[in-house]
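A quick write-up on the structure given underneath.
Since the model is a prediction, treat every value here as computed from it, not as a measurement.
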Number of protein chains: 2
Amino acid sequence: MNTTRRAPRASSHDRQASLISAAAALFAAKGFKGTTTKEIARAAGISEALVFKYFPTKRALYTAILAEKAPLSELLSAVEHVARKRDDHGVFTLIAGYRIRPGADPTMLRLLLFSALEGHELADMFFGKQHRVFYDYLAGYIQTRIEEGAFRKTDPLLAARAFIGMVVHHRLLHEIFEVPLHCSHQDIVATYVELFLNGLTCPATSKPRGPSRVR
Amino acid sequence: MNTTRRAPRASSHDRQASLISAAAALFAAKGFKGTTTKEIARAAGISEALVFKYFPTKRALYTAILAEKAPLSELLSAVEHVARKRDDHGVFTLIAGYRIRPGADPTMLRLLLFSALEGHELADMFFGKQHRVFYDYLAGYIQTRIEEGAFRKTDPLLAARAFIGMVVHHRLLHEIFEVPLHCSHQDIVATYVELFLNGLTCPATSKPRGPSRVR
DNA sequence: TAATAGTAAGTGACTACTCACTCACCTTTG
DNA sequence: CAAAGGTGAGTGAGTAGTCACTTACTATTA
């Protein structure tokens, strides 16, 4: 008489999805080496052996996580919409609020950081391509606004990087490292946008200065 | 007859220092779990067993690395010197150029990131205390300059965080993730300072706006 | 409908290997 | 010689990945 319990059956697709989300959380919390396949299996509620039925290696599971592409194009079309109306505030706010994958962003960001630090090719996907889109797009917009006389003369790429730097830094501190910041994400992003636009918008009174003065 | 070669003797202090620097580089490149004591020993040119004569555990070696305190006070006195002369440019440039430990900063930064991501108490030392000093000091300076009418009215803490965010983001991309940025560190810091000061210095023409407008 | 055959889902026990850490012993130096 | 510097050869505790096997379910056939 065999009385061992086994988990109810599930479809291959569901299992794969639950495996990915369980593994993503663990990898993001402890890194690739810091996470064991046994832990992943337990978190997903299956046996360790079954993990290898769905993914041939631990690494394959890892790469499958970030391979679920982020909906970058959706963001860009939304940005383009406000950009056509020359809604500077809207453009900066939309870009500042971007999430790699809605609902799971801090996890994905942590994973991305680990991936980059551990030297995995996963991060190249983001830092090599996706990440550049923001810079290129935002820099293009800033360039346009400079030509239209709405923004001060400055290096558009550097200006874009400055803005994204502010936002990324804040989100890193707040969402990843959980440093207490005493104010809501929403407020801070709004203030950053405000502060940044004060620096960029052209009051048509003070002349733009050249970019390099410190020796 | 024993013909095995062994390493020449070294003082305890020298060994400890070379162990720390070898281990720091490895931990920074691959994380705590990703680095083996065997690798560390080989990098330091000694046997694995000897590592444990100097440090009782792998973790003890790890904590010893960041425990070498950074010369933060030196930076602060340098900053205070230019701050007294109200050299805004000098203040921002000095803070932007700060290195945790001169000569080994990217390594230390990588280590710090790993430490923070892996949830080790090491990062608290930095994010909990040292890191705050920048914010508090810079925010205090900005506050003073606002009261003197030199900067626009804005939240000093947010302004400080924005500036440090820009710089940290750039240095992260450039020094840690080695993203090609097509411009020198020096130029970028200068442009950041310029851009930021343009936003903060008060031309006495455009009124400061309130911080929150985005819904 | 009931027996049979086929198959995907699922598992415990195992293997080959790696890891941090230990120990008995050797060598150099004062 | 005694103390300190130094090591090769381990050891037990994991760890990824395999394998032979069971179970739950479905389709086919008589």
Side-chain angles (χ1 to χ4, degrees), chain A residues 1-27 29-65 114-115 118 120 122, chain B residues 1-27 29-65 111 114-115 118-120 122:
Chain A
M1 54 175 177
N2 192 336
T3 56
T4 52
R5 290 261 137 217
R6 46 181 66 225
R9 306 186 77 180
S11 79
S12 176
H13 184 269
D14 288 351
R15 273 277 179 264
Q16 205 152 329
S18 78
L19 248 179
I20 281 185
S21 74
L26 285 166
F27 282 139
K30 309 163 88 172
F32 182 74
K33 282 262 185 183
T35 305
T36 67
T37 50
K38 188 176 241 155
E39 280 178 302
I40 294 169
R42 201 174 51 228
I46 59 175
S47 71
E48 192 182 355
L50 192 54
V51 171
F52 293 96
K53 288 272 203 271
Y54 289 103
F55 297 95
T57 61
K58 183 187 177 188
R59 174 56 55 95
L61 171 55
Y62 190 62
T63 51
I65 294 169
F114 265 122
S115 174
E118 286 166 350
H120 297 160
L122 275 190
Chain B
M1 54 173 178
N2 193 336
T3 56
T4 52
R5 291 260 138 217
R6 45 185 67 226
R9 306 188 79 178
S11 80
S12 178
H13 184 269
D14 287 351
R15 274 274 181 265
Q16 205 152 331
S18 77
L19 249 178
I20 282 185
S21 74
L26 285 167
F27 283 140
K30 310 162 85 172
F32 182 74
K33 282 262 184 183
T35 304
T36 67
T37 50
K38 187 176 242 158
E39 280 177 303
I40 295 169
R42 200 175 51 228
I46 58 175
S47 70
E48 194 181 351
L50 192 54
V51 172
F52 293 95
K53 289 272 202 274
Y54 289 103
F55 298 94
T57 62
K58 183 187 177 188
R59 174 56 55 96
L61 172 54
Y62 190 63
T63 51
I65 294 169
L111 202 58
F114 265 122
S115 173
E118 286 166 350
H120 297 159
L122 275 190

Inset, instruction - Find the distance Arg42(A):CZ to dG14(D):P and express it as a whole number of Å. - result: 13 Å
Inset, instruction - Could you check which of dA20(C), dG17(D), dT15(D) has an atom nearest any side-chain atom of Thr36(A)? - result: dT15(D)
Legend entry - Carboxylate-amine/guanidinium contact Glu39(A) Lys30(A), below 4.0 Å: yes
Legend entry - Phe52(A) CZ to dA9(C) C1', straight-line distance once rounded to whole Å: 17 Å
Legend entry - Value in whole Å for how far the P atom of dG14(D) lies from NZ of Lys30(A): 13 Å
Inset, instruction - Please work out which of the three classes, parallel, tilted or perpendicular, describes the rings of His120(B) and Phe32(B), given edges at 30° and 60°. - result: perpendicular
Legend entry - Backbone N/O of Arg59(B) and side chain of Thr63(B): donor-acceptor pair under 3.5 Å: yes
Inset, instruction - In whole angstrom, give the distance that lies between atom OH of Tyr54(A) and atom C1' of dA16(D). - result: 19 Å
Legend entry - For atom NZ of Lys38(B) and atom C1' of dT7(D), their distance in whole Å: 13 Å
Inset, instruction - Please report, rounded to the nearest Å, how far the P atom of dC21(C) is from the CZ atom of Phe55(B). - result: 13 Å
Legend entry - Nucleotide nearest Ala49(A) when distance is taken to its side chain, options dT7(D), dT11(C), dC21(C): dT11(C)
Legend entry - Closest-nucleotide ordering on DNA chain C, the 5'-leading residue of Lys53(A) and Lys33(A): Lys53(A)
Inset, instruction - Output yes when at least one side-chain N/O atom of Ser47(B) is less than 4.0 Å from OP1 or OP2 of dG6(D), else no. - result: no
Inset, instruction - Take the protein atom CD of Glu39(B) and the nucleotide atom P of dT18(C), then report the distance between them rounded to whole Å. - result: 13 Å
Inset, instruction - Tell me which nucleotide among dC21(C), dT7(D), dG17(D) gets nearest to the side chain of Glu48(A). - result: dG17(D)
Legend entry - Centroid-centroid under 6.0 Å between Phe27(A) and Tyr62(A) rings: yes
Inset, instruction - Send over the distance from Leu50(B) CG to dA4(D) P, rounded to a whole Å. - result: 15 Å
